[in-house]
Structures are given as C-alpha cells and as structure tokens.
Amino acid sequence: MSPPLHDWDLAPPEAIALQTRLAPRVEREDRLAPVRHIAGVDIGFEQDGEVTRAAVVVLALGEKAVPGLEVVEEAVHREPTRMPYIPGLLSFREVPAALAAFEKLAVRPELVMVDGQGIAHPRRLGVASHLGLWLDLPTIGVAKSRLCGCHAEPGPERGDWAPLVDGDETIGAVLRSRRGVKPVFVSPGHRVSLATALDWVVRCLGCTKLPEPTRLADRLASRSF
DNA sequence: GCGACAG
DNA sequence: ATCTTGTCGC
C-alpha cells in the first residue's frame, strides 16, 4: 500500500479550497509525448452506490486499421464509496479509485480521456484535470452534459462544434460527435490545448456518441459480471 | 431568495 | 450514477 498523495476525504469547504490551490498547476498548453496508447477512464457503482468501481481501458493506435484503435489492456479497481456526488466536487469521489485502477496497468498511456469535465469547471479543476495532475499525464475531459459555461448550438454534422465560454474565458467546446445526437462537452484536462483535445476526440470517434476510449471504459465500469 | 448543478 | 416500459422518429 502506497501512502496517499494528499487527503481525499475532505469536507466540501476544504475540498473547494484545495481545488483553488491546485488549479494553477494545470497546464493548458500541449506537452505530450508521441501518442501510441490512449486510455479511457470511467467510474461505475455497485451495491446501491456503496461500492465504487473504476475501469480503465488502454487502446493502441493501429497503423493500418480504419478506426486504428485496438484494446491492449483493461484494469478494474473496487473500493468503498468515499463520498456522495456533489456538483463541482466529483473528483474527490472518483479520482482515488481511478488512480488505483491505473496502478494495475502494465502499459503507461501517453494520453487519457476521462468521463467528465477538464477545466470546464467553476474553479477550473474538473475530474479530468485533477486526475491528470496526479497521474502527471495529458488528459482530456469528455462529458455528456454541461457543468458550467455558455455555448451556441453546434452545427448538425459530426465534427461541428461551438466554443464553451465562461465569462471572458473559453473553457472547452460543445462537439457534435454524431448526427442527430446531443453534443458532448470536450475540455482540456491537463497538458493538452483545446485544439488538440478536440482533434483527439474526433479522431477516436467510432460510430457512437462517445469516443472509443471513454465508451469502452464506460462499458467496463457498468457491465455486470 | 431562486435556480443550476459533470457523475 | 442507477432504477426501467413504452414510445416517438427515421
């Protein structure tokens, strides 16, 4: 058992204060190694929410196949649920379990996609950013709905997007990942710019609403055994 | 005071 | 997140 990097079980006021201290550490410019493996992370719950299940799926970029993504490793970690869901404090509920799942991996991906927001967060520290900080890896947030910010309706075609703005700051993009479907909310997590985040999400799109890394992690996190 | 509110 | 049938639309 390795010691915790910091206290995760904090009361809301302390958790909020910690987010404010960590947010400046998030890097919004590209700082990525050549991407060969992309991981998708998601959290699911069992036993009426008593147990938290973190799932990570690692995909390798193919050299010829069309989607070009092949599953090379999967990891699951279960632990007692630490705290209830509180909007804005999601990372304190999910990141510890995600980190434990990552420790089981043999492969260290160069990029990680997380189910949730990156910097598109009231204090600019959504789950994707918080996780990226502790993994010290580039991360991208891909959320199914909005937490904060304003945006126009993106165009109808796959790949169409509109900026997600909060005040005078662009914090992400609302992306039409598939025709006729509700758009997804893409935001930089850590060490990735918005342009690069959008690029990777679009590149990882299969024929569904969610990019493959997140979709597969989603399936692994909620599938019953 | 009244909504809004990732998963 | 999770619990779940029918139903609306292409």
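Chain A is the first sequence line, chain B the second, and so forth, proteins listed ahead of strands; every chain is numbered from 1.
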query: Does a salt bridge link A/Arg176 with A/Glu153, judged by any charged N lying under 4.0 Å from a carboxylate O?
result: yes
Basic-acidic side-chain contact under 4.0 Å: A/Glu169, A/Arg124: yes
task: Could you tell me whether A/Arg93 contacts a base, only the sugar-phosphate backbone, or nothing, with contacts defined as non-hydrogen atoms closer than 4.0 Å?
output: base
Considering only distance and modelled atom types, tabulate donor-acceptor pairs under 3.5 Å from the side chains of residues 11-21 of chain A, sequence neighbours left out.
residue: A/Gln19; atom: OE1; partner: A/Arg123; partner atom: NE; Å: 2.6
residue: A/Gln19; atom: OE1; partner: A/Arg123; partner atom: NH2; Å: 2.8
residue: A/Gln19; atom: NE2; partner: A/Gly88; partner atom: O; Å: 2.9
residue: A/Thr20; atom: OG1; partner: A/Ile16; partner atom: O; Å: 3.1

message: Does A/Asp42 reach a base, just sugar-phosphate, or nothing at all? Heavy atoms under 4.0 Å.
response: sugar-phosphate
Carboxylate-amine/guanidinium contact A/Arg191 A/Asp136, below 4.0 Å: yes
query: What does A/Phe45 touch in the nucleic acid at a heavy-atom separation under 4.0 angstrom: a base, only the sugar-phosphate, or nothing?
result: sugar-phosphate
message: Can you confirm if the aromatic rings of A/Phe185 and A/His151 lie within a centre distance of less than 6.0 Å?
response: yes
- prompt: Counting only heavy atoms not in A/Arg108, do more than 12 fall under 6.0 Å of its CZ?
  reply: yes
- request: Quick one: label A/Leu125 by what it contacts on the DNA or RNA (base, sugar-phosphate, nothing), any heavy atom closer than 4.0 Å.
  value: nothing
message: Quiz question: by atom type and distance under 3.5 Å, do the side chains of A/Asp30 and A/Ser193 form a donor-acceptor pair?
response: yes
message: For a 4.0 angstrom threshold against heavy atoms of chain A, report the outermost contacting nucleotides of DNA chain C in 5' to 3' order.
response: C/dA1 to C/dT2
- prompt: A/Trp8 vs A/His130 aromatic rings, parallel, tilted or perpendicular, using cut-offs 30° and 60°?
  reply: tilted
Opening and closing nucleotides of DNA chain B in contact with chain A, under 4.0 Å to non-hydrogen atoms: B/dA4 to B/dG7
